[in-house]
Amino acid sequence: MVVPELRPWRAARPHATRVANAVRPRLARAAGAVRPGLTRVTGAVQPYLARTVAAVKPQVTRLARIPRPEIVKTWQYTAGAAGAGLALAATVATAAGPWDSSGQRTAERDRAVALERTGGTDHGDDSGTTAAGPRPAPSAPSVLTALGGGANTVKSAPTGQALAAVLGPLLGNTALGTRHTAAVVDVATGKRLYGAGAGTALTPASTTKIATAVAALSALGADHRLITRAALEADTKELVLVGGGDPTLTARADAEGWASLRELAEETATALKKRDITTVTLSYDKTLYAGSEIHPIGVNDNLAPVSALMVDEARTDNTASGPAPRTTDPAADATRTFARFLSDNGIRTTSPGPSKATGRAENLAEVLSPPLSALVERMLTNSDNDIAEALARQTAVADRQRADFAGGGKAIRAQLKKLGLPLSGADFHDGSGLDRADRLTADLLTSLLVKAGDPDHPDLRPALTGLPVAGFTGTLTSRYTDGAAGVVRAKTGTLTGVNTLAGTVVDQDGRLLAFAFLTSDTTDPGAAQSALDRTASALAACGCG
């Protein structure tokens with residue numbers, strides 16, 4: 001039996017226009033304040049930025065018409081972060097998409113507004129969403145604080161003896177079951193500061209998604225997009241809806257920057273009418289993926305059948321995250337929805353069936369997902385199993401493995417091996433962590449987080465920025481409300497008898513630390529979760545240098 005980890009993400013979506021109007025004057029003033037410092041940084045990063053701009057310019061031009069969620073292209077963030085030695089100067093952070101000039105994640109600001117919390121960093125005179133809105137809640141520290149040692153307030157890393165004194169008793173809590181492992185690493189140096197069975201592999205549950213994120217970003221690149229297209233077989237007038245493996249493809253009227261099935265239908269209908277075609281034989285192609293669509297756990301509200309073609313994650317209840325009833329045949333259901341949209345645009349279709357587009361088929365229209373960086377962030381923040389399994393299969397395709405559960409696991413391992421990560425004892429059977437046969441070590445989890453902060457691997461940065469923020473976002477929205485809210489950023493993991501937590505904190509001495517806590521044989525998931533939260537909070541409160 002699986003204990004559902006996911007819960008509806010209650011964080012309010014950004015009210016983009018109103019928030020932009022509220023913060024624009026502040027951003028202008030901030031830019032003026034940091035300009036002298038930015039001039040010095042510019043000399044260091046200008047060659048890097050110039051090369052990056054030249055490399056991505058063709059993509060930017062080609063993709064200019066594509067709707068995007070409210071994030072900036074990944075290269076704009078990673079180039080500035082890597083070239084500046086990962087010191088997040090205010091203007092660099094402002095251009096980073098999910099982070100504003102104070103280092104607070106955009107979603108945190110919106111969540112603060114929704115909760116009507118007061119105090120903290122001034123992001124404007126009011127929330128921008130009400131006539132007299134509250135000031136935002138306290139900001140979280142920058143995701144890469146202390147990397148590169150640019151801040152004078154950063155002290156030495158905590159000692160292993162001091163960490164053992166703080167963490168040992170907390171990890172010995174009987175609520176954490178009969179087996180537990182832990183590791184704490186200084187992200188700036190990669191040095192392990194504390195370990196307790198750190199090389200012992202245990203069931204990781206959803207912390208597996210950190211490995212999936214790093215592997216997919218490594219294999220595909222942070223700017224990779226998934227394509228859903230409509231292709232016409234000229235000789236038979238068969239219209240084939242070809243799935244590209246994008247689980248975020250949406251049929252909602254407001255696509256909010258995700259790939260829109262409605263838009264694809266409209267563009268397809270326009271292209272057909274130009275060819276004087278108003279009736280087609282409709283088929284669908286889901287052959288990008290192989291093997292069983294059903295996860296080894298069986299039919300489960302935590303995960304739809306894994307198909308290369310689905311719409312809104314095959315949900316039947318209009319939710320966007322968390323457990324939900326799913327359609328049993330996502331590809332057929334998506335194509336029937338596509339047929340309705342074609343009908344609305346004057347195109348009649350037959351009842352859809354499975355097919356495969358030939359190499360002779362003419363592409364009539366296509367829609368692209370947001371960049372992989374955005375998919376990774378959504379996966380980690382919401383602990384989204386559907387995106388996780390899609391990214392595992394996409395990694396398999398890129399690694400030329402069979403695009404099924406086993407192939408995804410092999411590809412994830414292969415990519416992590418290329419990155420030089422410690423894989424002893426690790427075993428991957430899926431991308432989501434729902435499979436109890438998965439095994440990870442605390443050493444590997446912390447190494448993944450350190451690698452994501454490595455200036456030599458800027459494409460991996462979304463594996464950090466996507467981590468849920470304590471008290472604000474995703475699976476940590478309702479946790480840490482009395483302690484390290486906004487300070488702990490971590491991926492949760494929960495299965496029956498298994499509770500895990502892995503992420504980052506900035507300690508009281510200003511050091512960015514990566515941590516991983518894995519427990520097995522727990523009997524009270526709520527008590528185990530609270531015990532892990534107290535342990536992470538103690539790490540954040542530690543002035544152990």
TODO: Keeping to residues at least two apart or across chains, list the salt bridge (Lys or Arg N to Asp or Glu O under 4.0 Å) pairs with something in residues 333-360.
DONE: none
TODO: For T281 and T350, test the side chains for any donor-to-acceptor distance below 3.5 angstrom and give the result as yes or no.
DONE: no
- [ ] Considering non-hydrogen atoms only, spot the tightest contact between A357 and D285 and give its length.
- [x] N-OD2, 3.0 Å
- [ ] Mind checking side chain to side chain contact (heavy atoms under 4.5 Å, CB included) for A255 and listing every partner two or more places apart, or none if nothing turns up?
- [x] T250, S260
Open item on the list: Taking the cut-offs as 6.0 angstrom to the six-membered ring centre and 45 degrees off its axis, would you call R393 and F405 a cation-pi pair?
Closed with: yes
TODO: To the nearest 0.5 Å, tell me how far Q415 CD sits from T395 OG1.
DONE: 7.0 Å
TODO: Examine the side chains of T358 and E233 and answer whether a donor and an acceptor come within less than 3.5 Å of each other.
DONE: yes
Open item on the list: Can you see whether W258 has R378 sitting over its ring - NZ or CZ less than 6.0 Å from the centre and within 45° of the normal?
Closed with: yes
TODO: Keeping the roles fixed (side chain from D386, backbone from L303), state whether a donor-acceptor pair exists under 3.5 Å.
DONE: no
Task: side-chain hydrogen bond (donor to acceptor under 3.5 Å, both in side chains) between Y289 and E389, intermediate numbers included - done: CA-CA 11 Å; Y289 295 165; E389 296 303 344; over 6 Å; no
- [ ] Please check if the side chain of R436 supplies one atom and the backbone of L434 the other of a donor-acceptor pair under 3.5 Å.
- [x] no
TODO: Check whether the side chains of T228 and E366 place a donor and an acceptor atom closer than 3.5 Å, and report yes or no.
DONE: no
Task: Under the salt bridge (charged side-chain N to carboxylate O under 4.0 Å, His left out) test, residues paired with E266 that sit two or more places apart - done: none
- [ ] Determine, for R252 against D254, whether the closest basic-nitrogen to carboxylate-oxygen distance falls under 4.0 angstrom.
- [x] no
TODO: Can you sort out the partners of D435 under salt bridge (charged side-chain N to carboxylate O under 4.0 Å, His left out), two or more places apart, ordered by chain and number?
DONE: none
Open item on the list: I'd like to know if the side chain of T208 and the backbone of P204 have a donor-acceptor N/O pair within less than 3.5 Å.
Closed with: no
Open item on the list: Among residues at least two apart in sequence or on other chains, which ones pass side chain to side chain donor-acceptor pair (under 3.5 Å) with S355?
Closed with: E238
Task: Electrostatic pair K209-D384, nearest N-O below 4.0 angstrom - done: no
Open item on the list: If the condition is side chain to side chain contact (heavy atoms under 4.5 Å, CB included), which residues does A331 pass it with, not counting sequence neighbours?
Closed with: Y284, K286, S307, L309, D329
Open item on the list: Could you check whether E267 pairs with R262 (Lys NZ or Arg NE/NH1/NH2 to Asp/Glu carboxylate O, under 4.0 Å)?
Closed with: no
